[in-house]
There are 2 protein chains.
Amino acid sequence: MKNKQIQEQRIKGYFIQATKDILKGEGLKSISVRNIADQAGYSYATLYNYFSDVNELVFECVKDFQQECETIIQQEVINEAQGIDRIKAISRAYVKYFVQYPGIFELFFLEKPAKGQEETLQLINTFFDRLCLADWQYCISKTMVPLRSVEVVKQQLNYMLTGMMLFYLNRRHPIDYAAMLQNLDVQLLHILS
Amino acid sequence: MKNKQIQEQRIKGYFIQATKDILKGEGLKSISVRNIADQAGYSYATLYNYFSDVNELVFECVKDFQQECETIIQQEVINEAQGIDRIKAISRAYVKYFVQYPGIFELFFLEKPAKGQEETLQLINTFFDRLCLADWQYCISKTMVPLRSVEVVKQQLNYMLTGMMLFYLNRRHPIDYAAMLQNLDVQLLHILS
DNA sequence: TGAAAATAATTAACATTGTTAATTATTTAT
DNA sequence: ATAAATAATTAACAATGTTAATTATTTTCA
């Protein structure tokens, strides 16, 4: 029976949407089974008919957020010159996205996964590289950059950005947004040149 | 009356020691008021006579762990050549320490601070730089390294290490320890040369 | 030294959390 | 339309952080 699956997906969607709204708004600290169910218009126990636990539900939001983030970034960097310049722009937009939605940063990098989240973890771990894939390939094809060290630089960039966001969002360092962005530019200039 | 303060400090010490033991052993997930009090040999409510809340208690461990970490690292790098080589060795020992005690990593970089933890946050944010301070000064004094970019490289190193540990400990990337350490060496070579 | 006052420690209690079991409501099949 | 199946809800439990009420202990000083 196909209707059954359609309806099930629909209801799962309501819970996922509720979770996403809470994550974007109040953040991870406000995620609770009862909060989500309220927002979705169901009782808290109903959630367990569609998800094995709250962890699974929360991690199901990752794909949607990646989609949204990618779309936003692509719009933001569309006028940048392909290659290094665009990688810089992507990096900036990437940081801006997570700083705007700290709850999504927490979900992506801080929230502890339960068993069976290997697939989602893989999505998270490869996300930034996927965002830059085309531009790195462009750089390689034009031999704008030493081929051997591309993998190293990609990784370095990813680690640097994540570390920077962690210190800014979780350790209030630096204190103000402008200083962080300036810092970011300095780092990008140093790594990608 | 001085005795009062001595005794108070002693009992605070019992709670702090209990918290440290749990963090080094079971990790942050096992931190709870009742667990800590059990381990300290007191009732859970007694804790609130000495600490305003569990957050304050947990962050009071930071200083001790930094002391321990610094001592371990200093012993481990004592035979390294001063300067870049020792900075590399410090970085490796730093990562090893947090990988050995993931609960301490969580405390330092993941745990959300409450109000009034600015001082501890400052300690955390400057920790790695303090570990390398003497060797960077040596590098500068010997003009082994372009003076202008030292600050940038220091920051980059700190962000890279933290990001790397975050991905390894929290996102299982890479999966095995050896690969992570090898990765680390590649990154250190690339950043510090 | 022994009763009164101060201090420390404990138990009781509350609200919140995730999760499961028992129960009720609704939909589906015959 | 009634029986069976499915979905949704309420009740309940254990664990959490925290505060209030109560009990135990130590200190003060006559």
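Naming: A, B, ... by sequence-line order, numbering from 1 per chain. All values below come from the heavy atoms of this structure, side chains included, with hydrogens, waters and symmetry mates left out.
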(request) Provide the full list of salt bridge (charged side-chain N to carboxylate O under 4.0 Å, His left out) pairs with a residue in residues 79-91 of chain B, sequence neighbours left out, each pair given once. (result) B/Arg86-B/Asp135

(message) Can you give me the bend angle of the helix from C/dT1-D/dA30 to C/dT30-D/dA1? Use the axis through the first five pairs and the one through the last five, nearest 10 degrees.
(response) 20°

(message) If the condition is side chain to side chain contact (heavy atoms under 4.5 Å, CB included), which residues does A/Asp129 pass it with, not counting sequence neighbours?
(response) A/Lys154

Might you list the N or O atoms of the protein lying below 3.5 Å from N or O atoms in nucleotides 10-12 of chain C, with each pair's distance?
residue : atom : partner : partner atom : Å
C/dT10  : OP2  : B/Ser43 : N            : 2.8
C/dT10  : OP2  : B/Thr46 : OG1          : 2.6
C/dA12  : N7   : B/Tyr44 : OH           : 3.3
C/dA12  : N6   : B/Tyr44 : OH           : 3.3

(request) Would you mind listing every side chain to side chain donor-acceptor pair (under 3.5 Å) that reaches into residues 99-111 of chain A, with sequence neighbours excluded? (result) A/Glu106-B/Lys112

(message) So if I take residues 22-32 of chain A and measure heavy-atom distances to DNA chain D, which residues fall below 4.0 Å?
(response) none

(request) With sequence neighbours excluded, give me every salt bridge (charged side-chain N to carboxylate O under 4.0 Å, His left out) pair touching residues 166-189 of chain B. (result) A/Glu118-B/Arg172, B/Arg92-B/Asp185

Under 3.5 Å, sequence neighbours excluded: what are the donor-acceptor pairs made by side chains of residues 37-52 of chain B?
residue : atom : partner : partner atom : Å
B/Thr46 : OG1  : B/Ser43 : O            : 3.3
B/Ser52 : OG   : B/Glu56 : OE1          : 2.6

I'd like a table of atom pairs between the protein and nucleotides 22-25 of chain C - only N or O on both sides, under 3.5 Å - with the distance next to each one.
none

(request) Just jot down the salt bridge (Lys or Arg N to Asp or Glu O under 4.0 Å) partners of B/Glu76, sequence neighbours excluded, or say none. (result) B/Lys96

(message) Which Ile, Leu, Val, Met, Phe, Trp or Tyr residues join B/Val152 in one cluster when any pair of side-chain heavy atoms under 4.5 Å counts as a link?
(response) A/Val186

(request) Could you list the residues that satisfy side-chain hydrogen bond (donor to acceptor under 3.5 Å, both in side chains) with B/Lys29, not counting sequence neighbours? (result) none

